[in-house]
Amino acid sequence: MFTTTGSRGLYKAPLCKGLLLVLNGLTVMLTVLPQYQDMFVYSLQAVAHQHQVWRLLCGRLICLDVKDSFCSSLLIYNFRIFERRFGTRKFASFLLGTWFLSALVDFLLAQAFQYLFQYEVEELPAGLLAPVFSLFVPFYQSIPRMPVTQVLGHIHITNKTLVYIVGLQLLTSSPFMWLLALSGLLSGGLYHSNALWLQKILFVPAWVSCAGKYVLEPLFSSSQPSDETPLGMGATLDIQRQQRMDLLDQQLLLAQYNEARRNVRHQPQAGLLQWTRLFPSLRHRGQNRPPVQPHPEAQTHQSTQPPLLENSPVAEEQVARLVEMGFSRIDALEALRASNNDINMATNFLLQH
């Protein structure tokens, strides 16, 4: 329910995996060794008046509160989809850029708060919190909102609701967490919109990315998950059948997709691939096909020809959502036709391949 992009663990997300392992490991170590926690306190007063600039690095990376570490880890795990979509280097550049921007915005907001309310903000919650909040900007703008269910008939639960709930929990964990959240959202909006050409100024150099690819990526890379996904424990027979049908649908479309990729060099195409050659899903096969009069000479082969979805209707709203995520209109149309207007499955294929 976290996203509409499937659950493939940390596959193709080595940076997110490294952040989760290293930062959480250091949080646990500081919990066991509390005498060293003072070195990682995010003290604005010490940075401004005592010129302890090193506190910006130590205080804005490792969480001292286990609850903050847990909530931020959940958000990082969810936002791993951006590393898969944009690549590790662009994802790292976004985190690096928002880290520097939010450090500046933290001081500006603290000074503004002191000017308005005559209260000096001495310390802020420690950890990689502002860059995590900044990821809500592309999450809000890029991930389509799909309804899942309703509560009391009026409250809509979507695929993004749980993410916002975790963010709200992190927001209310300490008194001045709102300042970091506002700083992260402002820096994320500035960097995502490329204001003042920030993406060309704050980025990870190519040589650093190349070094990380050969040194760090082998340590934190994850193997490709198997196609067999275990069914949910305690699920009823109907739910198990539904999950099994969804799994078979995805396996069938993946097999057809891989076959199309092998033959793509020999077939001219305008989009990403010829999605119309894929089979429709098992549960909706043939429902979206327009009526076609069969030719007499082809009647003997009707049972062996796979149905095509060349003219199957596609919801324009779903096409617009995929186009907003950065995919071309041709690929979005073909993906939706191949998945029988299932935007979740269409998004899976477009993002994972």
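Positions are given from 1 along the sequence.
- Proximity of Asn24 to Phe70: side-chain heavy atoms (C-beta onward) are nowhere separated by under 4.5 Å.
- Here the side chain of Tyr115 pairs no donor or acceptor atom with the backbone of Ala110 at under 3.5 angstrom.
- To the nearest 0.5 Å, atoms CZ (Phe86) and OG (Ser93) are separated by 12.0 Å.
- Judged purely by distance below 3.5 Å, without hydrogens or angles, the side chains of Thr88 and Glu83 pair a donor atom with an acceptor atom.
- A distance of 14.5 Å separates CZ in Phe136 from NE2 in His192, rounded to the nearest 0.5 Å.
- How far CZ of Phe113 is from CG of Leu108: 15.5 Å, rounded to the nearest 0.5 Å.
- Of all heavy-atom pairs between Ser183 and Asp106, the closest is OG-OD1, 2.8 Å.
- Two residues are said to be in side-chain contact when any heavy atoms from C-beta on lie closer than 4.5 Å; Asn194 and Gln199 meet this criterion.
- Side-chain contact between Ser72 and Leu128 is absent, with no heavy-atom pair separated by less than 4.5 Å.
- Looking only at side-chain heavy atoms (C-beta outward), Tyr11 and Ser221 stay at 4.5 Å or farther from each other.
- The CG atom of Leu23 sits 6.5 Å away from atom CD1 of Ile76, with the distance rounded to the nearest 0.5 Å.
- Summarising the geometry, atom OG belonging to Ser174 is positioned 11.0 Å from atom CD belonging to Glu123; distances are rounded to the nearest 0.5 Å.
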Give the intermediate values and the outcome of side chain to side chain contact (heavy atoms under 4.5 Å, CB included) for residues Leu129 and Met177. CA-CA 9 Å; Leu129 300 175; Met177 186 66 75; 3.6 Å; yes

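- There is a path of hydrophobic side-chain contacts, each under 4.5 Å, that joins Leu61 to Val208.
- Between Tyr164 and Phe139, the angle of the ring planes goes over 60°, which puts this pair in the perpendicular group of the 30/60° scheme.
- Aromatic ring pairs are classed by plane angle as parallel below 30°, tilted from 30° to 60° and perpendicular above 60°; the pair Phe176 and Tyr119 is parallel.
- With a 4.5 Å cut-off on side-chain heavy atoms, Leu19 and Leu95 count as touching.
- Using a 4.5 Å cut-off on side-chain heavy atoms (C-beta onward), Phe82 and Lys90 make no contact.
- Phe94 has its side chain within reach of Ser134: a pair of non-hydrogen atoms, C-beta onward, lies under 4.5 Å apart.
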Arg145 and Thr158: side chain to side chain contact (heavy atoms under 4.5 Å, CB included), yes or no, with the steps? CA-CA 6 Å; Arg145 184 174 62 90; Thr158 68; 3.5 Å; yes

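- Side-chain contact between Gln169 and Lys67 is present, with heavy atoms from C-beta onward closer than 4.5 Å.
- Separating the OG1 atom in Thr27 from the CZ atom in Phe40 is a distance of 9.5 Å, to the nearest 0.5 Å.
- Leu15 and Trp207 end up in the same hydrophobic cluster when Ile, Leu, Val, Met, Phe, Trp and Tyr side chains are linked at under 4.5 Å.
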Side chain to side chain contact (heavy atoms under 4.5 Å, CB included) for Leu135 and Tyr140? Distances and angles first, verdict last. CA-CA 9 Å; Leu135 287 169; Tyr140 175 79; over 6 Å; no

Determine whether Phe133 and Ser102 satisfy the following criterion, side chain to side chain contact (heavy atoms under 4.5 Å, CB included), listing intermediate values before the conclusion. CA-CA 10 Å; Phe133 279 111; Ser102 59; over 6 Å; no

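- Two different hydrophobic clusters hold Leu104 and Leu182 under the rule that ILVMFWY side chains link at heavy-atom gaps under 4.5 Å.
- Using a distance-only test at 3.5 Å, with no hydrogens or angles considered, a donor-acceptor pair links the side chain of Arg89 to the main chain of Val204.
- Each of Leu20 and Val66 belongs to its own hydrophobic cluster when Ile, Leu, Val, Met, Phe, Trp and Tyr are linked at side-chain heavy-atom distances under 4.5 angstrom.
- Between the side chains of Arg321 and Gln318, no donor N or O sits under 3.5 Å from an acceptor N or O.
- Nearest heavy-atom pair, Leu336 versus Ile343, reported as atom, atom and distance to 0.1 Å: CD2-CA, 4.1 Å.
- Of all heavy-atom pairs between Val163 and Leu75, the closest is O-CD2, 3.8 Å.
- Scanning both residues, Cys16 and Leu10, for their nearest heavy atoms gives CB-CD2, 4.3 Å.
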As a quick check of understanding, evaluate salt bridge (Lys or Arg N to Asp or Glu O under 4.0 Å) for Glu217 and Lys17, giving each step before the final call. CA-CA 10 Å; Glu217 187 172 351; Lys17 184 177 180 179; over 6 Å; no

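- Panel note: side chain Asn159, backbone Pro144; a donor-acceptor pair is recorded below 3.5 Å.
- In terms of modelled atom types and a separation under 3.5 Å, the side chain of Arg55 and the main chain of Val41 share a donor-acceptor contact.
- By the neighbour-count criterion of 12 heavy atoms within 6.0 Å, atom CD of Gln35 is densely surrounded, having more than that number from other residues, nucleotides or ligands.
- There is a path of hydrophobic side-chain contacts, each under 4.5 Å, that joins Phe117 to Trp178.
- Lys12 and Pro14 get closest at one heavy-atom pair: C-CD, 3.5 Å.
- Side-chain N or O atoms of Trp99 include one that pairs as donor or acceptor with a backbone N or O of Arg60 at under 3.5 Å.
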